[in-house]
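Quick note on labels: first sequence line is chain A, next is B, and so on, each numbered from 1. For clarity, every value in this text was computed on a predicted model and none was experimentally measured.
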Amino acid sequence: MKDILNIMRFDFLTAKTTALPIFGVIAVMCNALGLLFSPMMFVYVLMAASFLIVQLQTYAEKYGFHKLYGILPINRKSITRGRFQYIFWTFFAVEIFELIMTKLALVLKLYRILPNQENETMQFVAETFNAESTLNYSLIVGIFVVMCVFFSYMQMMGQIFGQENEMKIVMITLAVITVGALAFFGLDSYDIIPHINVLPDFDAMSLAKRTLWYIGLNAGAFVLNVLFGEITAGKVSVREL
Amino acid sequence: MKIVIKNKSELPIYEQIEQQITAQILDGTVKEDEQLPSIRQLARDLKISVITTTRVYNDLAEQGFIISVAGRGYFVAPRHNELLHERLLYEMEDGLEKAVRFGRDANLSDEEIIAALRKFLEG
Amino acid sequence: MEQMNILEIKDLCKTYDSFALKDVSFTLPRGYIMGFVGQNGSGKTTTIRSILGMAKPDSGRISVFGLDAETDSIVIKERLGVVFDSLYLAEHLNIRQIEQQLKPFYKNWDSKEFFRRIEDFDLPDNKRIGDFSKGMKMKLMIAVALSHKAELMILDEPTSGLDPVARDELLDILGEYIEDENRGVLFSTHITADVERIADYVTILHNGKVWYTGTKDDLTESYAVLKGDEKELPDAVKPKLIGFHNYRNGFEALIRTDDLAGLPTSLEYEKASIDEILVYIAKEDKHERHSEHHAV
């Protein structure tokens with residue numbers, strides 16, 4: 001456990017110096033825009049968090065960390081597990097922060113300080129601050145799940161099949177998902193398959209039930225992350241460095 | 001103690017060091033009972049292997065120039081030490097022999113050679 | 001009980017497509033420096049990678065500090081310092097950031113010692129380590145090794161591409177390191193001048209096999225370079241020569257000093273350096289291939 005934490009710390013310190021300032025600027029901008037114009041802006045912070053992972057990947061490749069992994073007094077599997085945990089907790093931390101930001105935005109309703117409140121665009125802006133709507137929260141949890149699972153999956157594929165195949169894997173994965181989704185919605189819209197609600201109607205739920213759903217989605221992402229991590233650790237730890 | 005190692009010398013490094021240390025003990029540059037650097041210190045200072053300096057000290061101890069005191073290190077052997085005495089005697093005889101040979105080569109009589117020696121003895 | 005031998009390798013075998021280590025065995029006693037020499041591609045790096053568990057041997061046993069290198073690798077690595085020919089750290093960081101990264105991995109990490117070394121070695125602690133010279137990078141890796149009180153230091157070609165001043169500094173550092181008799185150094189290099197003076201033991205690897213292992217003094221006292229006219233050479237001695245080569249003015253070959261007795265005085269010989277020994281082993285190889293070629 002301590003080893004995994006140490007690797008997470010190591011990975012963060014590797015990416016931090018260059019990735020954190022850029023992420024920070026994007027985060028401050030998106031959060032400010034989100035508070036003023038639309039809480040929907042907050043999902044972009046989650047997307048920008050991927051920078052902290054991509055950057056780490058780049059450095060690990062460039063500077064031959066495999067030699068370091070060969071001399072550190074640490075289990076080889078812990079190194080892989082630490083990397084996957086780093087991915088999960090980076091996105092998770094941002095998710096929690098942005099959920100709080102959303103709550104804050106909905107309470108403060110800062111759009112009211114903007115000029116031309118009667119303007120048509122402003123009507124639209126005001127709409128996104130509707131405290132009744134749960135869409136803002138659900139979007140953040142949803143994007144978190146997508147980002148976390150996608151990057152965990154990419155990490156697995158990259159480590160098992162090699163970084164040079166990464167672009168191919170990205171393209172194939174995206175193609176499969178797109179075709180699958182199109183097929184599903186296509187079949188659904190022609191009533192060839194019975195209509196399934198992929199996600200429940202969050203607006204109609206009680207706060208407690210909705211929270212449970214969110215926790216469930218987070219847990220699901222975590223389970224997938226750990227699963228991908230274990231598969232990778234099993235494959236990679238027996239390899240030569 | 002001053003030791004200079006010549007990499008291009010025909011003599012092995014350990015012999016170079018042994019010669020230089022004995023010379024300095026004999027001419028008194030290194031005084032009796034003086035402590036010598038430890039085997040590992042000497043190896044470090046001269047940038048040579050520990051095995052080489054170990055060999056040097058073992059040889060010198062065997063020849064009676066230095067003594068090993070358990071737990072404290074190596075010291076220059078006292079002057080009255082028998083082996084050292086013998087060695088000095090040998091060096092003296094060696095020198096006298098040479099002196100006599102040079103004297104004879106220069107066609108000096110025995111008396112003249114002895115007179116020359118006496119002059120040295122009287123300083 | 002402290003183990004007498006700090007490193008023991010027994011019958012190590014490892015086969016790759018184009019290269020194989022065959023029954024590599026050698027022992028490094030505690031308190032000494034071993035030079036691990038051989039041409040590029042002789043198997044030095046594969047042996048070192050096996051010690052570190054980075055390569056998986058087909059057979060054989062490696063023990064470090066008396067512990068099994070495979071099953072006790074984590075305990076071993078706590079006490080092991082490694083210097084590679086190139087840096088293994090995040091080069092966009094500075095020394096302070098690197099120290100932050102490595103510190104938690106070692107129980108014995110001593111930050112004070114680390115920064116004392118960094119100062120000693122004149123390394124700037126606020127510059128990108130990627131901008132360091134080769135010599136500075138080597139010193140940084142040594143500082144890392146010294147800061148977690150490594151008892152065994154393994155250096156894999158640390159001097160390749162280094163200028164003479166930096167190489168000399170390395171010898172100084174190793175001399176200081178080995179002043180503590182509980183430590184050991186395994187130093188792989190193809191530049192034999194580096195080990196000629198400071199190494200206590202030498203292991204020569206050639207084509208994946210151990211050609212010699214033992215004290216350096218035994219090695220250099222056991223071989224001589226013989227020169228002269230081939231006609232003077234007794235036939236009985238000829239098969240004993242290593243890397244025999246005829247030139248316009250005569251022949252040159254390596255010979256065991258035991259075989260020197262009874263040779264005509266017209267043949268001259270002088271003590272062989274490790275470098276010369278390596279050269280003649282390589283020549284012997286070509287010679288063999290040459291004669292095999294003739295036989296076909």
Side-chain angles (χ1 to χ4, degrees), chain A residues 1-23 51-83 85-86 89 159 163 233-241, chain C residues 14 16 45-46 48-58 64 69-94 96-109 128-130 137 141 144-145 148 150 152-156:
Chain A
M1 188 57 203
K2 186 168 164 279
D3 285 350
I4 295 176
L5 282 174
N6 281 341
I7 286 290
M8 287 170 68
R9 185 173 173 277
F10 178 90
D11 283 347
F12 176 66
L13 289 172
T14 302
K16 191 184 88 172
T17 42
T18 51
L20 206 55
I22 299 173
F23 168 70
F51 203 67
L52 285 161
I53 287 139
V54 174
Q55 195 73 319
L56 166 68
Q57 203 65 38
T58 313
Y59 287 133
E61 276 297 290
K62 194 166 156 196
Y63 298 131
F65 281 179
H66 64 280
K67 279 184 179 169
L68 178 67
Y69 295 154
I71 64 175
L72 285 179
I74 176 175
N75 190 314
R76 286 273 298 278
K77 282 192 174 172
S78 301
I79 295 168
T80 312
R81 288 179 181 139
R83 178 68 63 81
Q85 289 306 299
Y86 169 75
W89 294 103
Q159 288 206 24
Q163 303 298 331
K235 290 254 186 221
V236 172
S237 66
V238 294
R239 276 193 202 150
E240 300 202 337
L241 284 171
Chain C
K14 171 77 189 176
Y16 288 109
T45 297
T46 305
I48 287 174
R49 278 162 38 87
S50 300
I51 298 171
L52 297 173
M54 296 170 77
K56 305 224 180 295
D58 300 333
V64 187
E70 214 186 315
T71 53
D72 298 321
S73 86
I74 294 175
V75 190
I76 289 171
K77 285 173 187 172
E78 277 280 351
R79 299 158 66 184
L80 197 66
V82 185
V83 176
F84 287 112
D85 59 341
S86 65
L87 202 56
Y88 50 76
L89 299 163
E91 301 199 11
H92 63 294
L93 301 182
N94 64 35
R96 292 193 170 277
Q97 293 163 328
I98 291 292
E99 200 262 346
Q100 284 295 309
Q101 274 193 317
L102 297 181
K103 189 174 158 169
F105 288 106
Y106 295 96
K107 286 193 197 90
N108 283 331
W109 187 271
R128 264 175 54 101
I129 58 171
K137 286 178 180 172
M141 289 188 270
V144 170
H148 65 271
L152 173 63
M153 187 110 84
I154 295 181
L155 303 100
D156 187 17

So what's closer than 4.5 Å to chain C heavy atoms on [X]: side chain, backbone, both or neither?
{"X": "Lys16(A)", "value": "neither"}
{"X": "Leu5(A)", "value": "neither"}
{"X": "Tyr59(A)", "value": "side chain"}
{"X": "Thr17(A)", "value": "side chain"}

Under 4.5 Å from any heavy atom of chain A - which part of His148(C):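 Contact with chain A: none, neither part.
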Shortest non-hydrogen contact between Thr14(A) and Ala90(C), atoms and distance: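 Minimum heavy-atom separation between Thr14(A) and Ala90(C): CG2-CB, 4.3 Å.
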Minimum-distance pair of heavy atoms, taken over all atoms of Gly70(A) and Met54(C):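 Gly70(A) and Met54(C) have their closest heavy atoms at CA-CG, 3.7 Å.
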Evaluation steps, side chain to side chain contact (heavy atoms under 4.5 Å, CB included), between Phe65(A) and Leu89(C): CA-CA 7 Å; Phe65(A) 281 179; Leu89(C) 299 163; 5.8 Å; no
Chain C contacts, top residue of Asp11(A), Asn75(A), Leu68(A) (heavy-atom pairs, under 4.5 Å):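 Most heavy-atom pairs under 4.5 Å with chain C: Leu68(A).
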Residues Asp156(C), Lys67(A): salt bridge by 4.0 Å N-O rule: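 A salt bridge is absent here (no side-chain N lies under 4.0 Å from a carboxylate O).
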Heavy-atom check, side chain of Leu87(C) versus side chain of Tyr63(A), under 4.5 Å: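 A side-chain contact under 4.5 Å is absent here.
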Test item: Ile71(A) and Leu52(C) side chains (from C-beta on) under 4.5 Å apart, heavy atoms: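 A side-chain contact exists here, since the closest heavy-atom pair is under 4.5 Å.
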Residue selection (most heavy-atom pairs with chain A, distance under 4.5 Å) from Gln97(C), Gln101(C), Lys56(C):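 Of Gln97(C), Gln101(C), Lys56(C), Gln101(C) has the most heavy-atom pairs under 4.5 Å with chain A.
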Glu240(A), CD: over 12 other non-hydrogen atoms inside 6.0 angstrom: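 Yes, enclosed.
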Separation of Ser73(C) OG from Ile74(A) CD1 (nearest 0.5 Å):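 Answer rounded to 0.5 Å: 11.0 Å.
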Spatial distance of atom CZ (Phe105(C)) from atom CG (Asp3(A)) [nearest 0.5 Å]: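 Answer for the CZ-CG pair, Phe105(C) versus Asp3(A), is 7.5 Å.
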